[in-house]
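Down below is the structure, laid out as structure tokens.
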Amino acid sequence: MLGLAVGIDYALFIVNRHRRQLKEGYDVAESVALANGTSGNAVVFAGSTVVIALLALNVTGIPFLGLMGTVGAASVAIAVLVAVTLTPALLSAIGPRILNRKERAALVPVHGAHAAGPVDGAPAARAEKPLRPMSTVVAVGRVVLGVAVLAVVAIPALDLRINLPDGSSEPADSTQYQAYSTVAEEFGAGVNGPLLVVADLPQPVADEELVATQLAIGEQLAAQDDVVAVAPAATSEDGTVVAFQVVPVDGPTSESTEELVHHLRDLSPVTVDTVDGDVELGVAGAASGNIDISEKLSAALPLYLAVVIGLSLIILVVVFRSLLVPLIATAGFVLSYFAALGGVVAIYQWGWLSPVFNVDTPGPVLNFLPTILVGVLFGLAMDYMLFLGSGMREAYAHGAPARIAVVQGFRAGRSVVTAAAIIMISVFGGFIFAEDAMIRPIGFALAFGVLVDAFVVRMLVVPALMHLLGGSAWWLPRWLDRILPDVDVEGAALERKHPHAEATEATDDAASDERTGAARA
């Protein structure tokens, strides 16, 4: 999913820049090089944030998550390499045919887009409307509306419960669901997820006292709430370990079973008349293991968030040469993340719109989904921020007033962000109706997360905040400005050096001199 989505997005970003430059009169070779030196540069840093977010999955301490993150990061790195190598080569081979016939017919010679008028036979260029920044009232309204909507959508996330899905989460016509429901109806839901309780005895028990010991321990286990039945399961050859099967009243993913696991562990140690010393209890089994993994993932999530956000903030400060813009980008991701979790909880845990999303039995959310969602959604959110923010930074670096730069950057990047988001949503959304119960909520979480991040956070809230901040959005302490490397992701220095820009500057200077002379006359 991720490799397909970012592979298209990164190539699209470079192609979009190249097409725009061709329409402005750049020749093919110059445009390809400039697109790769600007948008390609942004792609490298955008991909870096995704790679960091995915590789950081290794800090969770869950091996399968670390493996997923590593392989996902490798696919993103390959997508970046393809975007900045194969894509420019293909653009050079295709030449002006990247534009349709109507667009090619309207082209003017090199530098002609900035000349006094069109060439013979070429249609006259339409006068562009002067750019106007949004009003402050509109900006405040956008911020309030966007944040309020996301906050409301995120409310269900407060009730998040995680676990691995069981047979009850499968489609009603599947054999897994039919087997689970039949066992639950005939023998009770707890038989689908029995617990294995192991008693470690301080010394071996004689054969004649074994039954009495098992009975004494079993009675204490059976006396607990939410226990339906207890049965001896096995005894070690040396008589020091006794195992019991404990059947809970509810299924393996229920809250009562989770509480029972903790309660049984809290009983340890117990005393038995037939044994000298304390008897230590341990709880295992598939249901217990899923609960333990879920809790380990929950405990690792704050550290994972801190690592991902911390490293990526450093990258964004280097890219944008600003302190406030990275903070805005990260705060926007937090809103998107909890809104996506809220949507998942409402549909897959609470059962809202369950017929639409084919949720037969609502239950806990997939236990590693919140962690995976951080890695993937954070990387994609930073992609969109770079696609829009680099355009704003580019306009600002070329001398546009801060609020005009917001409008210029937004206009330059909104089409590619819209297309990229639609591609992502389509790819991820295709997995919402997969047969596997574990895949469906992942597909929905990623698709919905991209939807709210791209169209609410990046295209509604962020431009409004950038307008409100004005020039202070690009503030950076002088001491930090001196030590940070100048990566020039917007290509400001590159564009000032290439011949097209020099010709443009010369034309603009001549026009300025002519206006000055006329004014003096």
Side-chain angles (χ1 to χ4, degrees), residues 13 16-17 20-21 24 34-35 37-46 49 114 128-136 138-139 142-143 313-332 381-417 457-498 500-502 504-505 508-509 512:
F13 191 45
N16 181 71
R17 174 76 181 230
R20 189 171 77 243
Q21 291 171 169
E24 293 174 355
L34 184 57
T38 53
S39 296
N41 202 6
V43 164
V44 171
F45 282 93
T49 61
H114 302 275
E128 293 187 0
K129 296 181 180 180
L131 294 178
R132 294 180 180 178
M134 72 178 78
S135 70
T136 301
V138 171
R142 286 186 175 187
V143 173
L313 275 176
I314 295 174
I315 289 182
L316 292 177
V317 169
V318 172
V319 169
F320 290 120
R321 305 192 73 79
S322 164
L323 292 181
L324 294 179
V325 174
L327 291 176
I328 291 174
T330 305
M382 294 307 103
D383 282 358
Y384 301 143
M385 187 65 200
L386 274 165
F387 291 168
L388 287 174
S390 61
M392 297 175 186
R393 174 69 185 177
E394 178 178 354
Y396 183 73
H398 286 161
R403 291 179 172 173
I404 295 295
V406 172
V407 179
Q408 289 181 343
F410 180 75
R411 289 190 178 184
R414 63 184 174 185
S415 60
V416 70
V417 170
V457 173
R458 306 302 156 191
M459 301 183 71
L460 182 69
V461 176
V462 167
L465 284 175
M466 295 290 289
H467 170 86
L468 294 175
L469 290 174
S472 61
W474 307 109
W475 174 78
L476 189 69
R478 291 184 178 180
W479 64 269
L480 187 57
D481 183 58
R482 288 194 298 268
I483 63 176
L484 285 180
D486 187 7
V487 298
D488 193 20
V489 71
E490 69 279 354
L494 178 63
E495 288 191 278
R496 291 191 181 105
K497 291 180 180 179
H498 72 75
H500 193 83
E502 292 172 1
T504 302
E505 291 175 4
D508 293 342
D509 291 343
S512 177

Under a 4.5 Å cut-off applied to non-hydrogen side-chain atoms, are [X] and [Y] in contact?
X: M134; Y: R142; answer: yes
X: R393; Y: R321; answer: yes
X: L476; Y: S322; answer: no
X: P485; Y: V318; answer: yes
X: M459; Y: F410; answer: yes
X: L323; Y: P477; answer: yes

Do you know which two heavy atoms are closest between [X] and [Y], and how far apart they sit?
X: A412; Y: R20; answer: O-NH1, 3.8 Å
X: V457; Y: G332; answer: CG1-CA, 3.5 Å
X: H467; Y: S135; answer: NE2-C, 3.8 Å
X: A473; Y: L324; answer: O-CB, 4.1 Å
X: G471; Y: A402; answer: N-CB, 3.4 Å
X: Y384; Y: R458; answer: CB-CG, 3.8 Å

Worksheet item: Can V325 and M385 be said to form a side-chain contact (heavy atoms from CB on, under 4.5 Å), step by step?
Response: CA-CA 9 Å; V325 174; M385 187 65 200; 3.7 Å; yes

About how many Å separate [atom2] of [Y] and [atom1] of [X], when rounded to the nearest 0.5 Å?
X: F320; Y: S390; atom1: CZ; atom2: OG; answer: 6.0 Å
X: F13; Y: T38; atom1: CZ; atom2: OG1; answer: 7.5 Å
X: L386; Y: I315; atom1: CG; atom2: CD1; answer: 9.0 Å
X: L327; Y: L313; atom1: CG; atom2: CG; answer: 6.0 Å
X: N16; Y: F387; atom1: CG; atom2: CZ; answer: 10.0 Å

Practice prompt. Check the pair V407, R403 against side-chain contact (heavy atoms from CB on, under 4.5 Å), reporting the backbone distance first and the verdict last.
Written response: CA-CA 7 Å; V407 179; R403 291 179 172 173; over 6 Å; no

Item to complete: Please step through side-chain contact (heavy atoms from CB on, under 4.5 Å) for the pair V462 and I328, ending with a clear verdict.
Response: CA-CA 7 Å; V462 167; I328 291 174; 4.1 Å; yes

Discussion item. Taking L469's backbone N and O only, do any of them form a donor-acceptor pair with S472's side chain (distance below 3.5 Å, no angle check)?
Written reply: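 It does hold such a pair.
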
Worksheet item: When the ring planes of Y396 and W474 are compared, do they come out parallel, tilted or perpendicular, using 30° and 60° as the limits?
Response: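 It falls in the parallel class, under 30°.
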
